Amino acid sequence: MGSEVRVRFAPSPTGYPHVGNIRTALFNWLFARHNKGVFILRIEDTDQERKVEGATEIIMESLGWLGMDWDEGPFFQSHRLDMYKKYAEQLVTEDKAYYCFCSSERLDAMRKDQAARKLPPGYDRRCRCLSNEQIETEKARGIVPVVRFKSPTEGQTSITDLIRGEVIFENSLMDDFVLLKSDGYPTYHLANIVDDHYMNISHVMRAEEWLSSTPRHILLYAALGWKPPQFAHLPMILGPDKSKLSKRHGATAINEYQNEGYLPETMINFLALLGWSLDDKTEIMSREEIIANFSVERVSKTAAVFNKDKLEWMNGVYIRNLSIDDFTERCLPFVERRLPPEVKRPIDAGYLKQIAPLVQERAKTLNEVPQLVDFLFVNKLEYDTIILQGKLDKVQAVVVLEKSISMLEKLEGWDSDIMEKAIRPLSDELSMKVGPFFSVLRVAITGRTASPPLFQTMAVLGRARCMERLKAALQKIKS
RNA sequence: GGCGCAUUCGUCUAGGGGUUUAGGACGCUGCCCUCUCAAGGCAGAGAUCACCGGUUCGAAUCCGGUAUGCGCUACCA
């Protein structure tokens, strides 16, 4: 069972998960599911300063929302401090690592000096060859040391990345990085290697920004006598200006997309296509299709700009493909939250279901549904009288309303076809074009110039409210 | 500065020596449909495949260099 695929998503709990991190999670998850492997959730909470309360829960909720289930975990690195410490000390004993007593002030000064003299930055290895006595004196002074890795000063370290091929690094350029911080917490480098080893991780798929520190990891595996996993460094996600996607580009946290009314299936599909493709044309794919076809070979090397226009389009596609019941259900919380306060709560789900077909193909996000339907809920319409007549003059608009009202009053039923059959001929009768003619009625009924189909809307609104609105419009234009 | 990675329409991408007058999608423009707005259909504009050399009968595809972009260069991940 040594060939079993075991991958992990290992976020640090520093807030709402970034779409880039979620994309990394998704590729790991897809890879695991495609290969019938194991997907592990591990929380890398080794930075006490950046840790945010509740972030872990949010991460788990986000994964849950997207339907990315994990098979093991969540594991917390903060619960495994003894283990990291043990290996750090083992490396010190084996002379593969050493204690460093340098203060952060000295380190800062050193870096400044290096920058001023245009030297490559990096720890100057002052503590690399301390004698036992020196170590004891420093300890006696109450200085808590960090543990640094003794990087080789010559040779090369190469990695074979599943996406980028062989990448070679000069060991002489690698500095003695910290393994264990003075607060007893491990750095990413140590914790990562220890955990990946103990969790039997077969493939490490992470963002490209990690490529540069991978030789450190390789060296650490070797120092510990462990076999490294395979690496795949995923392309990054950029903002429209091609810099790393960040807040100034708009929403970056996955939950923002949830709140903006994007469907989880849209996010999965869209994110999957950011760096991976099935072929030269397939774009809309179910989660199952993506799983069935996912492979690292088809992951691209190039960073991708997050194209929100395309996301919106795709969300529209998914919204239109929803059943009426499903669409109604998903709209409900948004409508509940964003309809004007004067509308009575709870919102009538039955009524919303009648409305749903009118707006389903018009909405790109669930969040815009409330604005699309609010005129069907409020009691009094607010609109500018001038839009009522549209291309017509005032007298014509009055006639349109009067004729329509009397025609509708005579009507037996309140079915959209019946209404249309009765009203449409009126425009001919008055030798008006249907466009401007209907427009008057549309504004009277909806309070706006763009709306779902007029008669279907009227059918849903109901006879009483329609007549009331038409008469109100007549009053309004006359006064 | 050093090291690393990358470079095909504005964007996401297909393509991996001849099948390519470089294909698809978003967006954009026009037309059709049409009671408005959408949706849908059709059409169009949009890429000298970053640049320069090389290999080859032949290169977007292979190699080298240059440029540009990005990443890393913390007791952050």
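Below, chain A is the first sequence line, B the second, and so on; all start at residue 1. Just so we're clear, the structure is a prediction, and the values are computed from it rather than from any experiment.
- Atom CG in A:Asp108 sits about 9 Å away from atom P in B:C75, given to the nearest Å.
- Under the side-chain hydrogen bond (donor to acceptor under 3.5 Å, both in side chains) criterion, A:Gln134 pairs with A:Ser131, not counting sequence neighbours.
- Side-chain proximity of A:Val434 to the nucleotides B:C35, B:G71, B:U36 is greatest for B:C35.
- One donor-acceptor pair, N or O on each side, does fall under 3.5 Å between the base of B:C35 and the side chain of A:Arg442.
- If you check every strand for non-hydrogen atoms under 4.0 Å, A:Pro240 touches nothing.
- Among the atoms of the strands shown, only primed sugar atoms or phosphate atoms (P, OP1, OP2) are found under 4.0 Å from some heavy atom of A:Leu274.
- A:Asp309 comes within contact range of the sugar-phosphate backbone alone, with a heavy-atom separation under 4.0 Å but no base atom that close.
- Among the atoms of the strands shown, none is found under 4.0 Å from any heavy atom of A:Ser439.
- Between the side chains of A:Tyr318 and A:Asn269, at least one donor-acceptor pair of N or O atoms lies under 3.5 Å.
- Base contact: A:Ser182 has a heavy atom under 4.0 Å from a base atom.
- With both pairing distances under 3.5 Å, B:G17 is matched to nothing as a Watson-Crick or G-U wobble pair.
- Considering only side-chain atoms of A:Asp280, the nucleotide from B:U73, B:A14, B:C72 that sits closest is B:A14.
- Backbone-only engagement by A:Ile168 is indicated by non-hydrogen atom pairs under 4.0 Å involving sugar-phosphate atoms exclusively.
- Heavy atoms of A:Ser213 sit nowhere under 4.0 angstrom from any nucleic acid atom.
- Of all nucleotides present, only B:G71 satisfies the Watson-Crick or G-U wobble test against B:C3, with each distance under 3.5 Å.
- Residue contacts shown for A:Lys433 are absent, as no nucleic acid heavy atom lies under 4.0 Å away.
- Closest to the A:Lys281 side chain, of the nucleotides B:G24, B:G40, B:U13, is B:G24.
- Across B:U13, B:G4, B:U36, the shortest atom-to-atom separation from the side chain of A:Pro453 is found for B:U36.
- In this structure, A:Lys301 atom NZ and B:G69 atom C1' are separated by 17 Å, rounded to whole Å.
- Here A:Glu260 does not pair with A:Lys364 in a salt bridge; the nearest charged N to carboxylate O distance is not below 4.0 Å.
- Within the 4.0 angstrom heavy-atom criterion, base atoms lie near A:Leu454.
- Base pairing analysis places B:A25 opposite B:U11; the two distances defining the Watson-Crick or G-U wobble pair are each below 3.5 Å.
- Contacts of A:Thr446 with the nucleic acid, taken as non-hydrogen atoms under 4.0 Å apart, are absent.
- Salt-bridge annotation for A:Asp326 and A:Arg330: present, with a side-chain N of the basic residue lying under 4.0 Å from a carboxylate O of the acidic one.
- Residue A:Arg164 places its side chain closer to B:A6 than to any other of B:A6, B:C76, B:G10.
- Both distances falling under 3.5 Å, in either a Watson-Crick or a G-U wobble arrangement, place B:G30 opposite B:C42.
- Atom-to-atom, CD of A:Gln77 to C1' of B:C76 comes out at 13 Å; the value is rounded to the nearest Å.
- Heavy atoms of A:Arg111 sit under 4.0 angstrom from primed sugar atoms or phosphate atoms, though from no base atom.
- Under 3.5 Å, the side chain of A:Lys310 and the base of B:A25 form at least one donor-acceptor pair of N or O atoms.
- Checked for salt-bridge contact, A:Glu289 and A:Arg287 miss the test: no charged N lies under 4.0 Å from a carboxylate O.
- Here B:G1 presents its P atom at 17 Å from CD of A:Gln114, a figure rounded to the nearest Å.
- Between A:Met236 and A:Leu173, the residue anchored nearer the 5' end of RNA chain B, judged by the nucleotide with its closest heavy atom, is A:Leu173.
- Residue contacts for A:Gly390: at a heavy-atom cut-off of 4.0 Å it reaches no nucleic acid atom on any strand shown.
- Protein atom CH2 of A:Trp313 is 14 Å distant from nucleotide atom P of B:U13, rounded to whole Å.
- Summarising the geometry, the separation between CG on A:Leu358 and C1' on B:U36 is reported as 14 Å, rounded to the nearest angstrom.
- Base-pair partner of B:U36: not found among the strands shown (Watson-Crick or G-U wobble, both distances under 3.5 Å).
- Base pairing annotation: B:A47 forms no Watson-Crick or G-U wobble pair, as no partner gives both donor-acceptor distances under 3.5 Å.
- Ring geometry for A:His217 versus A:His189: interplanar angle of 30 to 60°, hence tilted.
- Base pairing of B:U61: no nucleotide in any strand meets the Watson-Crick or G-U wobble criterion (both distances under 3.5 Å).
- The residue A:Val146 sits close to a base: some heavy atom pair falls under 4.0 Å.
- Map A:Phe169 and A:Pro186 each onto its nearest nucleotide of RNA chain B; the residue landing nearer the 5' end is A:Phe169.
- Spacing between B:A67 and B:C26 at atom C1', rounded to whole Å, works out to 30 Å.
- The pair A:Glu209-A:Lys244 meets the salt-bridge criterion, with a side-chain N (NZ, NE, NH1 or NH2) lying under 4.0 Å from an Asp/Glu carboxylate O.
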